[in-house]
Structures are given as structure tokens and as C-alpha cells.
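Just follow the structure's listing: the first ligand is 1, and inside any ligand the first atom is 1.
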Amino acid sequence: MAKSKYEYVREFEAATDSRLLPDSYVVVRVDGQCFHRFAKEHQFLKPNDKRALDLMNKSALHVMRTFYPNIIMAYGQSDEYSFIIRRLAYFFNRRTAKITSLITSAFTSAFVFYWPRFFCSIPLKYPPSFDGRAVLYPNERTLTDYLRWRQVDCHINNLYNTAFYALTGEYTRYVPDTSNCSPSNSPPTTYNLFLGDPSAKAPNRTFYSHAEATQRLSGSSSADKNELMFTDYGVNYNDELQQFRKGTAIVLTPPQADTTTKVDLPETPAVVIKPSKSALKRSAKVEEDFAALAIDQQERFFTTLHTDIIREDGDFWTAYSHLLKL
Ligand SMILES: Nc1nc2c(ncn2[C@@H]2O[C@H](COP(=O)(O)OP(=O)(O)O)[C@@H](O)[C@H]2O)c(=O)[nH]1
Ligand SMILES: [Mg+2]
């Protein structure tokens with residue numbers, strides 16, 4: 001077909017289509033846009049809404065399935081999720097915009113798609129958005145320190161928020177909802193520890209305004225916050241769900257010796273700048289075989305954990321550091 005005279009503008013696209021540096025880890029982090037307001041509008045429980053966090057995890061799992069086996073791990077907390085892409089991944093020719101926008105949009109659409117499954121009769125008031133960015137990490141040290149940074153952030157924020165909402169009397173403790181999710185049948189999934197639960201031990205139930213609570217927590221140490229929550233409000237921070245305190249890590253774990261699934265991870269390509277044609281072919285076959293599986297079978301390739309990822313010699317890195325070599 002003859003080219004139009006406008007064809008030359010393609011050059012502008014080519015000139016601005018950046019690629020992610022080969023042989024380095026890529027982290028794509030998605031973050032809810034203005035989730036402070038979104039949480040308020042949709043009556044998220046404070047300090048943590050398990051429904052919202054489970055929905056984030058479900059959306060992350062969707063992303064990991066969609067781009068299998070290129071994402072080796074994901075870590076999420078609050079309204080953010082980080083996706084760790086294999087150092088040697090070569091999907092979409094490592095095009096930055098393509099990879100970042102696809103992960104962000106897959107995550108966002110899954111969040112909307114699965115919303116009713118988690119929030120039952122609470123309808124979405126408006127379509128949420130997530131921003132996405134890709135950051136390169138040159139080695140295992142910087143990558144793992146990045147993950148530690150996110151988990152420390154989770155810990156600091158969660159401890160603060162738990163103490164803060166205990167002080168204001170807005171703290172709600174999660175109670176699992178065992179009912180089904182039909183719009184006409186949505187009994188409360190939670191109760192307010194202080195106002196709704198007479199059996200709760202709360203020796204000093206003085207509640208404060210947001211400004212007063214901020215003031216009281218200003219300059220307090222972790223130990224001060226723990227003590228204050230426990231002594232005055234009967235909240236033992238250690239009893240909070242691990243999911244709240246540690247965030248969620250999802251790791252790639254292909255089933256071993258599984259007779260019903262034949263998918264293997266691709267071999268590590270010998271050439272790291274650009275894999276050979278045969279290596280690319282093998283990768284395509286792996287992706288194709290995986291895509292042919294039913295969703296529940298695909299989900300079996302991933303493990304969800306709420307655990308410490310900070311300690312270098314902890315269980316997590318002992319069990320999963322091999323992922324960084326893939
Ligand atoms: N109540 C409640 N709010 C949450 C929860 N998860 C996230 N959020 C809200 O989302 C915000 C996320 O922080 P950030 O991304 O910095 O704020 P944003 O710019 O408003 O999205 C938090 O400050 C909370 O207001 C939750 O489980 N419960
Ligand atoms: Mg946000």
C-alpha cells in the first residue's frame with residue numbers, strides 16, 4: 001500500500017519511544033489517584049479496610065497472571081502495588097510506555113471488575129484511577145532495599161493510623177462477613193470496637209478531635225504508640241492482622257511435579273541484551289501454554305504472603321531469593 005505523505009510523523013513516535021535498560025530490574029508501581037477522597041466516599045473502614053486490601057490483591061494477581069512469567073513478585077500496601085519485573089524479561093521489547101501503561105490499566109480495570117465481589121452492595125460512585133511509573137534498579141541490593149522501603153512505610157503508616165483512629169474513636173475492627181454478596185443481603189462486616197461492642201475492654205474511652213489526636217501523637221515513639229493504644233484503648237497492635245501490618249507479597253511459584261499443568265519457566269537466556277530468536281520462541285510458548293489454562297489453575301502459580309520482607313536472613317528471602325535470578 002502506498003504510504004501517505006503524513007507517514008513521516010511516525011519518526012516522532014520512534015524518537016520518543018524509550019526502552020527500559022536491559023539487564024536491570026524494573027519496578028512498576030501503581031498508586032491510587034486521590035484515594036484519600038475515594039476511601040471516604042466509599043466508606044472505607046479505618047484504619048484498614050480488609051475488603052479494599054483484598055481487592056487490591058485480587059487486582060495484582062490479575063496483573064501477574066496477565067504478564068506471566070515476566071513479573072516475579074509484587075508487593076502491595078494501602079492504595080499502592082509494586083510489580084517486580086524479571087531482570088532479563090524482554091516482553092514488549094522493554095518499551096517503557098507500553099509496559100507501564102498496560103500494567104496500570106490491567107490493574108485498574110481488574111479493580112473495577114472485581115469491585116462488587118468485595119464491596120457487595122456498596123456501589124462504585126465514580127471510576128477510580130491509578131497512576132503508574134517504572135523505575136530501574138541495577139542490582140539485587142537496590143531492588144531488595146526498595147521493597148524494604150515500601151514495607152517500612154507500611155509499618156510506620158499503619159502503626160500511626162491505628163493509634164490515630166483509636167484516639168479519635170473511629171477505629172473499626174474487622175469481622176469476617178460470612179454471608180453471600182447479594183445486594184439485598186449485606187449485614188455489617190464490621191463493628192466499631194468502642195461504640196458498637198460493649199464487650200470490648202477499653203479502660204479509658206476518651207476520644208479526641210483529629211487536631212488533638214495529631215497533637216498527641218506528635219513526636220511519639222513506636223513504643224509510646226503501642227503503649228497508648230493498649231493501655232487506654234485496649235488495642236493490642238500485635239493482634240492486628242499481619243495483612244495490615246506487613247502488607248502483601250505475591251510471588252511466582254510454579255507448581256512442581258504437577259501432572260495437570262505442563263508450564264515451565266523459560267530458561268535464562270544466554271544473551272542478556274536481546275534474547276536469541278529461539279529463546280524468544282520458547283518464551284512465547286511458555287506464555288501461550290499458560291494462557292490456555294483456566295484462571296483458577298493460573299492462580300495456583302502464585303503464592304500470597306503477609307510476612308517480613310525486611311530481614312535479610314528471614315524466611316522470605318531464604319525461600320524466594322532465587323526469584324531474583326530468573
Ligand atoms: N480508611 C482507609 N483509607 C485507606 C485505606 N487504604 C488507603 N486509604 C487511603 O488512601 C490514602 C493513600 O495514600 P496516598 O496515596 O498518599 O494518598 P492519595 O494521594 O490521596 O491517594 C491514605 O492516606 C488513606 O486516606 C484503608 O484501608 N482504609
Ligand atoms: Mg494514592
Side-chain angles (χ1 to χ4, degrees), residues 27-60 63 74-83 100 103-105 107-112 114-115 117-120 122 124-135 146 149-177 188-196 207-211 213-214 217 225 229 233 235 237 239-250 304 306:
V27 176
V28 173
R29 183 169 76 243
V30 299
D31 186 293
Q33 167 72 1
C34 204
F35 255 48
H36 184 75
R37 174 179 164 223
F38 185 82
K40 198 169 169 192
E41 294 272 355
H42 295 87
Q43 302 133 43
F44 279 17
L45 304 169
K46 294 166 182 176
N48 289 290
D49 194 312
K50 191 170 181 339
R51 297 165 303 181
L53 296 172
D54 287 348
L55 172 57
M56 292 287 289
N57 294 346
K58 184 75 180 169
S59 308
V63 169
Y75 175 74
Q77 51 121 349
S78 183
D79 69 337
E80 67 167 59
Y81 238 103
S82 299
F83 296 95
T100 312
I103 287 181
T104 311
S105 90
F107 187 90
T108 308
S109 68
F111 188 91
V112 172
Y114 290 116
W115 173 273
R117 203 185 274 193
F118 292 87
F119 279 88
C120 307
I122 299 180
L124 263 177
K125 285 192 177 172
Y126 59 88
S129 355
F130 290 82
D131 69 44
R133 72 195 70 186
V135 181
Y146 167 79
W149 174 51
R150 297 325 301 143
Q151 190 167 64
V152 167
D153 190 79
C154 172
H155 168 71
I156 292 172
N157 289 338
N158 196 56
L159 180 64
Y160 182 91
N161 291 339
T162 309
F164 183 85
Y165 290 120
L167 281 163
T168 64
E170 294 167 281
Y171 170 98
T172 37
R173 180 163 289 174
Y174 174 78
V175 173
D177 178 3
T189 54
T190 57
Y191 56 84
N192 185 303
L193 175 66
F194 308 112
L195 307 175
F207 299 130
Y208 298 91
S209 70
H210 281 200
T214 306
L217 291 177
K225 292 185 189 79
M229 278 189 277
Y233 297 92
V235 175
Y237 188 69
D239 291 342
E240 293 294 299
L241 292 186
Q242 283 281 94
Q243 181 180 5
F244 300 166
R245 296 163 54 208
K246 305 283 185 208
T248 301
I250 306 178
T304 299
H306 310 296

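- Nearest protein heavy-atom neighbour of atom 21 (O) of ligand 1: F35 N, 2.7 Å.
- Between W115 and F44, the ring planes are parallel. Angles under 30° get that label, and only those over 60° would be called perpendicular.
- Protein heavy atom nearest atom 27 (O) of ligand 1, with residue, atom name and distance: D49 N, 2.8 Å.
- Residue D31 has at least one nitrogen or oxygen atom sitting less than 3.5 Å from a nitrogen or oxygen atom of ligand 1, judged on distance alone.
- The shortest contact between atom 23 (O) of ligand 1 and any protein heavy atom is with H36 ND1, 4.4 Å.
- Side chains of L45 and Y165 form no contact here, defined as non-hydrogen atoms less than 4.5 Å apart.
- Annotation for ligand 1: atoms under 4.0 Å from non-hydrogen atoms of N48 are 27 (O).
- Contacts of L45 with ligand 1, taken as heavy-atom pairs under 4.0 Å, involve the backbone alone.
- Side-chain atoms of Y171 and F207, non-hydrogen and from C-beta on, never get closer than 4.5 Å to each other.
- With the Mg ion (ligand 2) as the vertex, O of G32 and OD2 of D79 span 90° to the nearest 10°.
- Annotation for Y237 and H155: closest pair OH-O, 4.1 Å, computed over non-hydrogen atoms.
- Using a 4.5 Å cut-off on side-chain heavy atoms (C-beta onward), Q77 and N158 make no contact.
- Protein heavy atom at the shortest distance from atom 5 (C) of ligand 1 is F44 CD2, 4.0 Å.
- In terms of distance to the Mg ion (ligand 2), the nearest N, O or S atom of D31 is named OD1.
- Residue contacts with ligand 1: D79 is placed with a nitrogen or oxygen under 3.5 Å of a nitrogen or oxygen of the ligand (distance criterion only).
- Remark: atom 18 (P) of ligand 1 lies closer than 4.0 Å to at least one protein heavy atom.
- Proximity of F38 to L124: side-chain heavy atoms (C-beta onward) are separated by under 4.5 Å at one or more points.
- Proximity of L53 to T248: side-chain heavy atoms (C-beta onward) are nowhere separated by under 4.5 Å.
- Note that R37 lies in the cation-pi zone of Y126, set by a 6.0 Å cut-off to the ring centre and a 45° limit from the axis.
- In this structure, C34 counts as a contact residue of ligand 1, since one of its heavy atoms falls inside 4.0 Å of the ligand.
- Here the protein heavy atom with the shortest distance to atom 6 (N) of ligand 1 is S78 OG, 3.8 Å.
- Side chains of M56 and F107 form a contact here, defined as non-hydrogen atoms less than 4.5 Å apart.
- Taking 4.5 Å as the limit, every side-chain heavy atom of H42 sits out of range of all side-chain heavy atoms of D49.
- Residue R37 places no N or O, backbone or side chain, under 3.5 Å from any N or O of ligand 1.
- Counting protein heavy atoms only, atom 3 (N) of ligand 1 is closest to A39 CB, 3.5 Å.
- The shortest N or O to N or O distance between G32 and ligand 1 is below 3.5 Å.
- Annotation: side chain of H306 is not in contact with side chain of L241 (no heavy-atom distance under 4.5 Å).
- Near K46, meaning under 4.0 Å from any of its heavy atoms, are these atoms of ligand 1: 1 (N).
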